[in-house]
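This report concerns only the one structure given below.
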Amino acid sequence: MNLITDKINVDNLILMALREDVSNEDITTNSIISEKREGKVQLICKEDGILAGIEVFKRVFQLLDENIKFSIQKKDGEKIKNKELIGEIYGDVRAILTGERTALNYLQHMSGIATYTNNMVELLKGSNIKLLDTRKTTPNMRIFDKYSVKIGGGYNHRYNLSDGILIKDNHIDAAGSITKAIKLAKEYAPFVRKIEVEVENLDMVAEALEAGVDIIMLDNMSPELMRTAVKLIAGRAETECSGNISKESIEKIKDTGVDYISSGALTHSAPILDFSLKHLQILK
């Protein structure tokens, strides 16, 4: 994913965000600065964390002023510190003031996700478990949310419903059983697609194995039950666990033997990482 050259998706989403914030005009800026004035402003981090979304941040201003310039000292994925100068922006002051909030919203949200993800990845050190995100993302923010998870050291699960087969409880109810649901999925899907099924107890694990599923998601199981399920599966399918997994609970399942942990908290519960644009100067 290249967030700056993916014009079809990213630019359109950023423009939607700008239109949300500027329905007609930036009345405050236009009342104070009636004509183009060149200026510069500093981007300062206000918390320790992992930087993510700096190219999106820049793109907001580029869409408002194609001649805007940047001097940025940090890249996505790098550690940043409280009170650290991340860089400076040079250009039309009107564009800087109008784009400030939208640009910071992206940067704070994305860096917050990357930081939270990185904290959880650190808690899994010493294991072979891969940390996955989910589709529990803010509407129209998924491309940014999932990119941020990768920057933080996590991995992307399905990007959307077209990306893979994940049979959940309501699908099982609709089909009549796990066996029927897996059979229907195998008949419909291309042979290159893996089939994953969500299970809640050992009987469901056994039925999923018998039906020949590729991945078994252990949903809302206790760590003890997960260990038993992993032993029962015995490598015949990949294993994923899910269900209210956060920084506070992840260490409890570190030694269960699962291959993957998926957590909606990465994208729906990560606090922002705070930044400010400060010390605006008029240059000419």
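No experiment lies behind these values; they were computed from the predicted model shown.
Inter-residue side-chain proximity for Asp274 and Gln108 is flagged as met; some heavy-atom pair is nearer than 4.5 Å. Between Tyr147 and Ile113 there is no side-chain heavy-atom pair separated by less than 4.5 Å. With contacts defined as side-chain heavy-atom distances shorter than 4.5 Å, the pair Asp214/Ile165 does not qualify. Val258 has its side chain out of reach of Ile253: every pair of non-hydrogen atoms, C-beta onward, lies at least 4.5 Å apart. By the 4.5 Å heavy-atom criterion applied to side chains, Ile261 and Ile250 are counted as neighbours. A 4.5 Å side-chain heavy-atom check between Leu43 and Phe70 finds every atom pair outside the cut-off. Ile68 has its side chain out of reach of Lys58: every pair of non-hydrogen atoms, C-beta onward, lies at least 4.5 Å apart. When side chains are defined from C-beta on, Leu97 counts as touching Ile33, because their heavy atoms get closer than 4.5 Å.
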Checklist entry - Under the side-chain contact (heavy atoms from CB on, under 4.5 Å) criterion, do His279 and Val41 qualify, and how do the steps go? => result CA-CA 6 Å; His279 312 304; Val41 70; 5.9 Å; no

Next on the checklist: Go through it in stages, so that I can follow the logic: the residues are Met221 and Thr256, the test is side-chain contact (heavy atoms from CB on, under 4.5 Å), and I'd like the CA-CA distance, side-chain angles, deciding distance and then a yes or no.
Outcome noted: CA-CA 11 Å; Met221 289 187 179; Thr256 56; over 6 Å; no

Item to check | side-chain contact (heavy atoms from CB on, under 4.5 Å) evaluation trace for Leu273 with Tyr116 | outcome: CA-CA 9 Å; Leu273 195 72; Tyr116 189 90; over 6 Å; no

Item to check | CA sep, side-chain torsions, deciding dist, call: Thr29, Arg94, side-chain contact (heavy atoms from CB on, under 4.5 Å) | outcome: CA-CA 6 Å; Thr29 295; Arg94 295 172 302 175; 4.0 Å; yes

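Distance OG/Ser148 to CD1/Ile50: 12.0 Å, rounded to 0.5 Å. Going from atom SG of Cys241 over to atom CE of Met226 covers 4.5 Å, rounded to the nearest 0.5 Å. Taken to the nearest 0.5 Å, the CG atom of Leu104 stands 14.0 Å off from the NE2 atom of His109. Here the CG-CD1 distance, from Leu277 to Ile89, works out to 5.0 Å after rounding to the nearest 0.5 Å. To the nearest 0.5 Å, the span separating CD on Glu55 from CG on Leu107 amounts to 11.0 Å. Note that CG of Asn128 is 9.5 Å distant from NZ of Lys130, once rounded to the nearest 0.5 Å.
If you chain together ILVMFWY residues whose side-chain heavy atoms come under 4.5 Å of each other, Tyr155 ends up grouped with Leu132, Tyr260.
Asn156 places no side-chain N or O within donor-acceptor distance of the main-chain N or O of Val149, the cut-off being under 3.5 Å. Side-chain atoms of Glu78 do not come within 3.5 Å of backbone N or O of Leu51 as any donor-acceptor pair. Put simply, the side chain of Arg227 never gets that close to the backbone of Gly257: no donor and acceptor are under 3.5 Å apart. In this structure a side-chain-to-backbone donor-acceptor pair under 3.5 Å is missing from Arg59 to Asp11. In terms of modelled atom types and a separation under 3.5 Å, the side chain of Ser31 and the main chain of Thr28 share a donor-acceptor contact. Between the Thr267 side chain and the Lys136 main chain, a donor and an acceptor come within less than 3.5 Å of each other. Judged by distance alone, with hydrogens and angles left aside, the side-chain atoms of Asp259 form a donor-acceptor pair with the main-chain N or O of Thr239 at under 3.5 Å. Judged purely by atom type and a 3.5 angstrom limit, Ser242 has no side-chain atom pairing as donor or acceptor with the backbone of Asp219. Of the possible polar contacts, one joining the Glu207 side chain to the Thr179 backbone as a donor-acceptor pair under 3.5 Å is found. Distance alone, capped at 3.5 Å, is enough to place a donor-acceptor pair between the Asp65 side chain and the Asp92 backbone.
At a threshold of 4.5 Å between side-chain heavy atoms, the hydrophobic network of Ile, Leu, Val, Met, Phe, Trp and Tyr places Leu13 and Leu18 in one connected group. Under the 4.5 Å side-chain heavy-atom criterion for Ile, Leu, Val, Met, Phe, Trp and Tyr, Val10 and Met110 are members of the same hydrophobic cluster. In terms of hydrophobic clustering, with Ile, Leu, Val, Met, Phe, Trp and Tyr side chains grouped at heavy-atom distances under 4.5 Å, Leu124 and Leu266 are assigned to a common cluster. One hydrophobic cluster holds both Leu218 and Met120 under the rule that ILVMFWY side chains link at heavy-atom gaps under 4.5 Å. Linking ILVMFWY residues whenever their side-chain heavy atoms come closer than 4.5 Å, directly or via other members, leaves Met217 and Leu225 in distinct clusters.
Checked against side chain to side chain contact (heavy atoms under 4.5 Å, CB included), Asp21 has the following partners two or more places apart in sequence or in another chain: Arg101, Thr102. The salt bridge (Lys or Arg N to Asp or Glu O under 4.0 Å) search around Glu210 returns none, not counting sequence neighbours. Scored by the ring pair (Phe, Tyr, Trp, His ring centres under 6.0 Å) test, Tyr106 finds Phe144 as partners (sequence neighbours excluded). Phe57 is linked by a ring pair (Phe, Tyr, Trp, His ring centres under 6.0 Å) to Phe61, counting only residues two or more places apart in sequence or in another chain.
In the displayed structure, Leu283 atom CG is contacted under 6.0 Å by more than 12 heavy atoms of other residues, nucleotides or ligands. For NZ of Lys254, the number of neighbouring non-hydrogen atoms (other residues, nucleotides, ligands) closer than 6.0 Å is greater than 12. Counted within 6.0 Å of CG on Asn160, heavy atoms from surrounding residues, nucleotides or ligands total more than 12; the atom is thus considered enclosed. Taking a 6.0 Å sphere around CD of Glu224, one finds it holds more than 12 heavy atoms contributed by other residues, nucleotides or ligands.
For the pair Lys46 and Ser276, the tightest heavy-atom approach, listed with the atom from each and the gap, is CD-OG, 3.1 Å. Counting all heavy atoms, side chain and backbone alike, Gln42 lies closest to Glu88 at NE2-OE2, 3.4 Å. Minimum heavy-atom separation, Val205 to Ala229: CG2-CB, 4.3 Å. The heavy-atom pair separating Asp26 from Val22 by the smallest distance is N-CG1, 3.8 Å. A pairwise comparison of heavy atoms in Ile216 and Ala208 identifies CD1-CB, 4.1 Å as the closest pair. The two residues Ala265 and Ile245 come nearest to each other via the heavy atoms CB-O, 3.6 Å.
Identified under the salt bridge (Lys or Arg N to Asp or Glu O under 4.0 Å) test for residues 169-194, with sequence neighbours left out: Lys183-Glu187, Lys194-Glu238.
Comment: Lys36 engages Glu38 in a salt bridge, judged by a side-chain N to carboxylate O separation of less than 4.0 angstrom. With respect to the salt-bridge test (charged N to carboxylate O, under 4.0 angstrom), the residues Arg158 and Asp163 do not qualify.
None of Ile233, Ile182, Val199, Ile178 except one satisfies the side-chain contact (heavy atoms from CB on, under 4.5 Å) rule with Val213; the exception is Ile182.
At a cut-off of 3.5 Å, with distance as the only test, no side-chain donor of Asn82 or Asp48 sits close to an acceptor on the other residue.
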